[in-house]
Amino acid sequence: MYQAKAYSVASATAPFTADTIQRRETTERDVQIEILFCGICHSDLHTARDEWSSVMPTTYPCIPGHEIVGRVTRVGASVTRFKKDDVVGVGCMVDSDHTCPNCQDGLEQFCPGSTFTYNSPDRHLGGVTYGGYSESIVVDERFVLSVPANLDLAGVAPLLCAGITTYSPIHRWGDLTGKKVGIVGLGGLGHMGVKFARAFGAHVAVFTTSPHKKEDAIRLGAHEVIISSNAEEMGAHAGTFNFILDTIAADHDINAYINMLGRDGNITLVGAPETPLQVSAFALLFGRKSLSGSLIGGIAETQEMLDFCAEHNITSDVEVIPIQKINEAYDRLLKSDVKYRFSIDMASLKAE
Ligand code: NAP
Ligand code: ZN
């Protein structure tokens with residue numbers, strides 16, 4: 001084991017402070033990574049504050065961070081895909097059982113034995129896994145992604161969660177050419193959803209609670225913007241969408257968005273509010289509409305998404321911060337005041 005600098009929270013109400021954690025020595029299959037950038041996902045906030053306690057209670061100290069980009073510093077003897085100095089990424093998972101039907105189908109995120117990057121039982125060291133708000137991490141090579149050389153690394157980090165979480169359901173929907181796609185919420189996930197839906201040829205509309213984001217939504221690729229509190233604007237679009245991706249992190253009236261769907265339309269939830277949503281049966285029945293969910297994406301699909309981003313020059317729009325500003329960043333995340341993802345420059349951790 002070796003010691004690594006990190007930022008942790010000690011309880012659901014504590015601020016982040018500097019900490020030191022143990023990382024395992026590089027075993028045969030492992031890649032040791034110096035972390036360069038780590039995105040701040042709203043899931044980090046839900047977990048740090050134990051908002052998902054009924055489903056996935058948080059073990060403290062908690063070190064979130066699952067949008068990791070870094071440089072390889074060491075590889076184990078049997079590692080074949082990576083070498084020292086390669087630029088790589090790590091997303092929401094660091095291991096799985098590799099044998100179950102989900103793993104065989106490349107859907108490791110649904111493996112009952114999957115190990116998530118943080119707050120998941122750590123098979124090597126005991127306790128729970130610690131995420132990317134740290135100077136380094138050690139990961140099985142099968143969960144390490146190749147980062148295309150042509151992209152800005154601060155903007156690549158969020159692709160490892162916000163990117164794959166929106167790419168996967170949008171891509172899976174089928175041919176979106178000319179289809180009307182709605183993205184609900186222009187935050188970290190939402191702004192990536194806009195970029196992907198546009199890249200796949202859809203007519204893209206953003207639903208937002210923040211009128212001041214209108215110009216940015218258009219710049220990011222939306223064809224139109226609907227202010228969700230404006231009944232007239234909402235009414236004009238009712239029954240017209242083929243597909244809607246709901247990224248809202250808090251409780252909201254999902255029926256308002258189901259009503260936007262046309263016949264056989266689908267709304268997919270990726271946002272994970274802490275309290276259950278109330279769904280009107282009638283909103284779904286009339287028009288044979290469907291409601292589904294989607295969780296990140298598998299490892300092969302994540303690599304496919306990164307390669308797609310390299311080809312289409314897609315990265316996240318980021319506000320780069322030093323780790324010392326993390327508590328302020330969390331406060332702003334709760335106010336939907338992010339343009340459009342915080343990316344932590346981990347070099348700032350050296351000052352601790
Ligand atoms: P984020 O950056 O905070 O963005 C969420 C956006 O939702 C906000 O910017 C805001 O957009 C809108 N919003 C916030 N509160 C709202 C409210 N009360 N009513 C209506 N709209 C509201 O968060 P994120 O990182 O994109 O994550 C979004 C959600 O997805 C979180 O719950 C997160 O845990 C979840 N998530 C799920 C997966 C998965 O695999 N399914 C992966 C990652 C994250 P406007 O200002 O435009 O209204
Ligand atoms: Zn995330």
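We count ligands from 1, going down the list as the structure has it; atoms in each ligand are counted the same way. Small disclaimer: the values here were computed from a predicted structure and weren't measured.
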Using a heavy-atom cut-off of under 4.0 Å, does the side chain or the backbone of Ser228 touch ligand 1, or both, or neither? neither
Closest non-hydrogen protein atom to atom 35 (C) of ligand 1, residue and atom name please, with distance? Val270 O, 3.5 Å
Is it true that Leu333 lies under 4.0 Å from ligand 1, counting heavy atoms only? yes
Atom 48 (O) of ligand 1 [closest protein heavy-atom partner, distance rounded to 0.1 Å]: Thr209 OG1, 2.6 Å
What's the shortest distance from atom 46 (O) of ligand 1 to any protein heavy atom, and which residue and atom give it? Ser210 OG, 2.5 Å
Aromatic centroids of Phe196 and His312 separated by under 6.0 Å: no
Ligand 1 to Tyr340 polar contact by distance, N or O atoms, under 3.5 Å: no
Minimum side-chain heavy-atom gap Met234-Phe207 below 4.5 Å: yes
Ignoring angles and geometry beyond distance, decide whether Leu295 reaches within less than 3.5 Å of ligand 1 through its nitrogen or oxygen atoms. no
Is there a nitrogen or oxygen of Leu186 sitting under 3.5 Å from a nitrogen or oxygen of ligand 1? yes
Using only N, O or S atoms, tell me which atom of His66 is closest to the Zn ion (ligand 2). NE2
With a 3.5 Å cut-off and no angle check, do the side chains of Tyr167 and Glu304 form a donor-acceptor pair? yes
If you have a sec, work out which protein heavy atom is nearest atom 14 (C) of ligand 1 and how many Å separate them, to one decimal? Ser336 OG, 3.5 Å
Using a strict 4.0 Å cut-off to heavy atoms of Thr208, name the atoms of ligand 1 that fall inside it. 45 (P), 46 (O), 47 (O), 48 (O)
Do Tyr118 and Asp44 have side-chain atoms, one donor and one acceptor, less than 3.5 Å apart? yes
State yes or no: are the ring centers of Phe243 and Phe200 separated by less than 6.0 Å? no
Regarding Tyr340 and Asp216, do their side chains bring together a donor and an acceptor under 3.5 Å, going by distance alone? yes
Can you tell me if His191 and Lys339 form a side-chain donor-acceptor pair at under 3.5 Å? no
Hey, do the aromatic rings of Tyr330 and Phe16 have their centres closer than 6.0 Å? yes
Geometric N/O contact Phe207 with ligand 1, under 3.5 angstrom: no
For ligand 1, which atoms have a heavy atom of Cys161 less than 4.0 angstrom away? 42 (C), 43 (C)
Compare Ile248, Leu269, Thr165 and give the one whose heavy atom is closest to atom 42 (C) of ligand 1. Thr165
Taking side chain as C-beta onward, heavy atoms only, is Leu277 less than 4.5 Å from His252? yes
Within the 4.0 Å heavy-atom shell around Ala250, which atoms of ligand 1 are there? 15 (N), 18 (N)
Which atoms of ligand 1 sit under 4.0 Å from any heavy atom of Lys213? 9 (O), 11 (O), 45 (P), 46 (O), 47 (O)
Quiz question: by atom type and distance under 3.5 Å, do the side chains of Ser114 and Glu108 form a donor-acceptor pair? no
Pairwise side-chain contact, Ser292 with Asn266, heavy-atom cut-off 4.5 Å (strictly under): yes
shortest atom 44 (C) of ligand 1-to-protein heavy-atom contact is with Ser43 OG, 3.2 Å
Quick one: look up the protein heavy atom nearest atom 4 (O) of ligand 1 and list residue, atom name and how far away it is. Gly187 CA, 3.3 Å
Do Tyr130 and Gln22 have side-chain atoms, one donor and one acceptor, less than 3.5 Å apart? no
If we count only N and O atoms by modelled type, under 3.5 Å, do the side chains of Ser136 and Tyr2 hold a donor and an acceptor together? yes
Does one side chain, of Thr27 or Asp30, offer a donor that lies under 3.5 Å from an acceptor on the other? yes
Identify, by atom number and element, the atoms of ligand 1 in contact range of Trp52, meaning under 4.0 Å from any of its heavy atoms. 34 (O)
Ligand 1 to Ala272 polar contact by distance, N or O atoms, under 3.5 Å: yes
Number the atoms of ligand 1 from 1 as they appear, then name those within less than 4.0 Å of a heavy atom of Ile296, with their elements. 39 (C), 40 (O)
Where is the nearest protein heavy atom to atom 29 (C) of ligand 1: which residue, which atom, and how far? Thr247 O, 3.4 Å
Give me the residue, atom name and distance of the protein heavy atom closest to atom 3 (O) of ligand 1. His42 ND1, 2.7 Å
To the nearest 10°, how many degrees is the angle Cys41 SG to the Zn ion (ligand 2) to Cys161 SG? 130°
Which of the numbered atoms in ligand 1 are under 4.0 angstrom from any heavy atom belonging to Arg341? 24 (P), 25 (O)
At a threshold of 2.8 Å, where the distance has to be below it, does the Zn ion (ligand 2) have an N, O or S atom of Cys92 nearby? no
Cluster overlap Ile218 with Val206, hydrophobic side-chain contacts below 4.5 Å: no
